[in-house]
*Asks:* 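I'd like to ask you about the structure that follows.
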Amino acid sequence: PRDHTHLLIVHLSTMTPAQLRRARAALETFRIETPSWGFADTGTRFGKFFQDAAAIDMNDKLADAGHVHALTGCCPTVAVHVLWDFKLGEDPKAVARLARKHGVKIGAINPNLFQDQCYKWGSFGNNDPVVRAAALQHCVDSVAIGKAVGSDCLSLWFADGTNYPGQGSIRARKQCFEESLRALHAKLGPKQTMLVEYKPFEPAFYATDIADWGMALLLAKKAGPRAKVLVDTGHHYNAQNIEQIVAWLLDEDMLGGFHFNDRRYADDDLTLGSIDPYQVFRIFHEIHFFAADRGRRPKIAYMIDQCHNEKPKIEATIQTVVMAQELYAKAALVDHDALRRAQASNNVVDAELILKHAFFTDVAPALAAWRKANQLPADPLAEHRRSGYVRAAAADRKRRRKELGLTQGGSFA
Ligand code: PSV
Ligand code: MN
């Protein structure tokens with residue numbers, strides 16, 4: 001077996017020509033979706049800090065997403081939130097046309113099952129069948145929007161849950177979810193999939209109805225063959241092993257997609273890899289390792305779900321995209337044969353070093369080569385800063401806000 005002990009002192013390895021090819025091949029297949037809501041003014045529940053350049057409407061959001069795609073070359077689709085991005089009575093095809101105009105396409109459709117007053121006691125988990133029916137209808141309408149705009153992904157997150165012990169029947173709520181998800185699955189088009197996202201807490205603080213990956217998995221399996229699990233990296237407890245969840249979902253053919261962000265405490269919405277890039281690497285490693293073992297690449301929707309209150313939104317998005325590409329390419333460099341050998345002989349030290357070696361390999365040349373081959377700027381963030389895009393957007397959007405009489409209220413209460 002190859003000796004990996006030298007890696008203990010090697011912190012930044014350079015790629016061999018074979019590794020360069022491997023990293024480039026990985027980049028070729030990697031695409032990541034930006035969220036429309038990441039370009040608008042958002043904040044914490046204690047306040048919002050406004051940015052002049054923040055998107056006001058769907059045209060702005062798609063223009064920003066198009067700008068990010070033009071610079072990075074790997075964000076061709078934009079996730080949308082139905083109530084935030086589509087006007088009542090508007091033809092969804094018009095939004096699809098607008099996206100095309102800005103060089104992007106509409107990606108995952110996110111119904112909104114949390115902001116209407118009727119959802120005080122939940123949506124699919126509500127004990128009132130009238131509200132459950134309304135929630136289902138909104139999802140069915142979202143499926144129709146998806147069909148109209150050519151999106152094959154319905155992305156579901158439920159804020160449902162209870163805040164106090166005894167408040168609701170945990171089992172009854174579970175059964176309501178099973179029923180509505182099954183009914184919704186029956187409405188999917190032949191090419192559409194639905195992703196079920198989980199989150200341990202917030203806004204419910206006692207028992208969130210879909211609190212973890214096990215619950216999401218069970219519900220997705222019961223809903224039908226085109227329901228999969230969505231892993232939002234921010235939706236885990238401290239120290240939870242996300243890559244293990246990913247590996248299990250892959251093995252069950254139940255991993256549908258990701259919402260990427262980073263966290264320190266809870267659903268912090270920090271830039272991907274800002275706290276723990278090695279964790280993101282380990283997640284990507286599980287995916288590459290699975291693909292190598294199975295001889296096929298799993299179909300996974302990689303999406304960003306971040307709202308920035310301090311960082312300039314477009315910069316944070318570019319930073320995330322570049323970080324995702326870099327870590328995806330690094331994870332593609334793991335020597336699977338050597339890893340299998342180390343695992344078979346229980347060589348723990350080598351197994352660990354094989355991962356570390358890939359993680360500490362400098363993939364910048366692969367990214368540079370890929371960008372050059374695709375006529376993309378060598379440094380997307382620097383190019384964005386040079387472009388003057390934000391200055392122009394800020395001037396335009398500031399003026400329009402004034403004309404429209406939009407007030408920016410940031411207060412919590
Ligand atoms: C909830 O925290 C979540 O992660 C869901 O994906 C929502 O759709 C998104 O954030 C936007 O609020
Ligand atoms: Mn999410």
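One-based numbering, in listed order, for ligands and for the atoms of each.
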*Asks:* Are there more than 12 heavy atoms of other residues, nucleotides or ligands under 6.0 Å from atom CZ of R264?
*Replies:* no
*Asks:* Would you check whether E197 has a nitrogen or oxygen atom less than 3.5 angstrom from a nitrogen or oxygen atom of ligand 1?
*Replies:* yes
*Asks:* Determine whether more than 12 heavy atoms belonging to other residues, nucleotides or ligands lie under 6.0 Å from atom NZ of K147.
*Replies:* yes
*Asks:* Is H259 touching ligand 1 with its side chain, its backbone, both, or neither, if touching means heavy atoms under 4.0 Å apart?
*Replies:* side chain
*Asks:* For atom 2 (O) of ligand 1, grab the closest protein heavy atom and report residue, atom and distance to one decimal in Å.
*Replies:* K199 NZ, 2.9 Å
*Asks:* Considering the heavy atoms of D232, write down every atom of ligand 1 situated less than 4.0 Å from one of them.
*Replies:* 4 (O)
*Asks:* In terms of side-chain heavy atoms, does T361 have a donor or acceptor partner in Q19 at a distance below 3.5 Å?
*Replies:* no
*Asks:* Can you report which non-hydrogen protein atom sits closest to atom 3 (C) of ligand 1, along with the distance?
*Replies:* D305 OD2, 3.4 Å
*Asks:* Could you identify the N, O or S atom of H259 positioned closest to the Mn ion (ligand 2)?
*Replies:* ND1
*Asks:* Report yes if the distance between the aromatic ring centroids of Y198 and F177 is under 6.0 Å, otherwise no.
*Replies:* no
*Asks:* Will you find, in the side chains of H102 and N59, an N or O donor that is under 3.5 Å from an N or O acceptor?
*Replies:* yes
*Asks:* For atom 11 (C) of ligand 1, find the nearest protein heavy atom and state the residue, atom name and distance (0.1 Å precision).
*Replies:* W37 NE1, 3.7 Å
*Asks:* Tell me whether H235 reaches ligand 1 (any heavy atom closer than 4.0 angstrom to a ligand atom).
*Replies:* yes
*Asks:* How far does CG of L255 sit from CD1 of I300, to the nearest 0.5 angstrom?
*Replies:* 4.5 Å
*Asks:* Going by distance alone, is a donor N or O of one side chain under 3.5 Å from an acceptor N or O of the other, for W37 and D305?
*Replies:* yes
*Asks:* On a heavy-atom basis, I'd like to know which of F158, W157, Y198 is closest to atom 7 (C) of ligand 1.
*Replies:* W157
*Asks:* Is a donor from one side chain sitting under 3.5 angstrom from an acceptor on the other, for D160 and Y119?
*Replies:* no
*Asks:* Centroid separation under 6.0 Å, is that true for the rings of Y328 and F284?
*Replies:* yes
*Asks:* If you round to the nearest 0.5 Å, how far is CG of N261 from CG of D267?
*Replies:* 6.0 Å
*Asks:* Which protein heavy atom lies closest to atom 12 (O) of ligand 1, and at what distance to 0.1 Å?
*Replies:* W84 CH2, 3.8 Å
*Asks:* With heavy-atom distances below 4.0 Å as the criterion, list the atoms of ligand 1 near D267.
*Replies:* 2 (O)
*Asks:* Relative to the heavy atoms of H81, which atoms of ligand 1 are at a distance of less than 4.0 Å?
*Replies:* 7 (C), 8 (O), 11 (C)
*Asks:* By atom name, which N, O or S atom belonging to E197 lies closest to the Mn ion (ligand 2)?
*Replies:* OE2
*Asks:* Kindly give the atom name of the N, O or S atom of D305 closest to the Mn ion (ligand 2).
*Replies:* OD2
*Asks:* Among the N, O or S atoms that D232 has, which is closest to the Mn ion (ligand 2)?
*Replies:* OD2
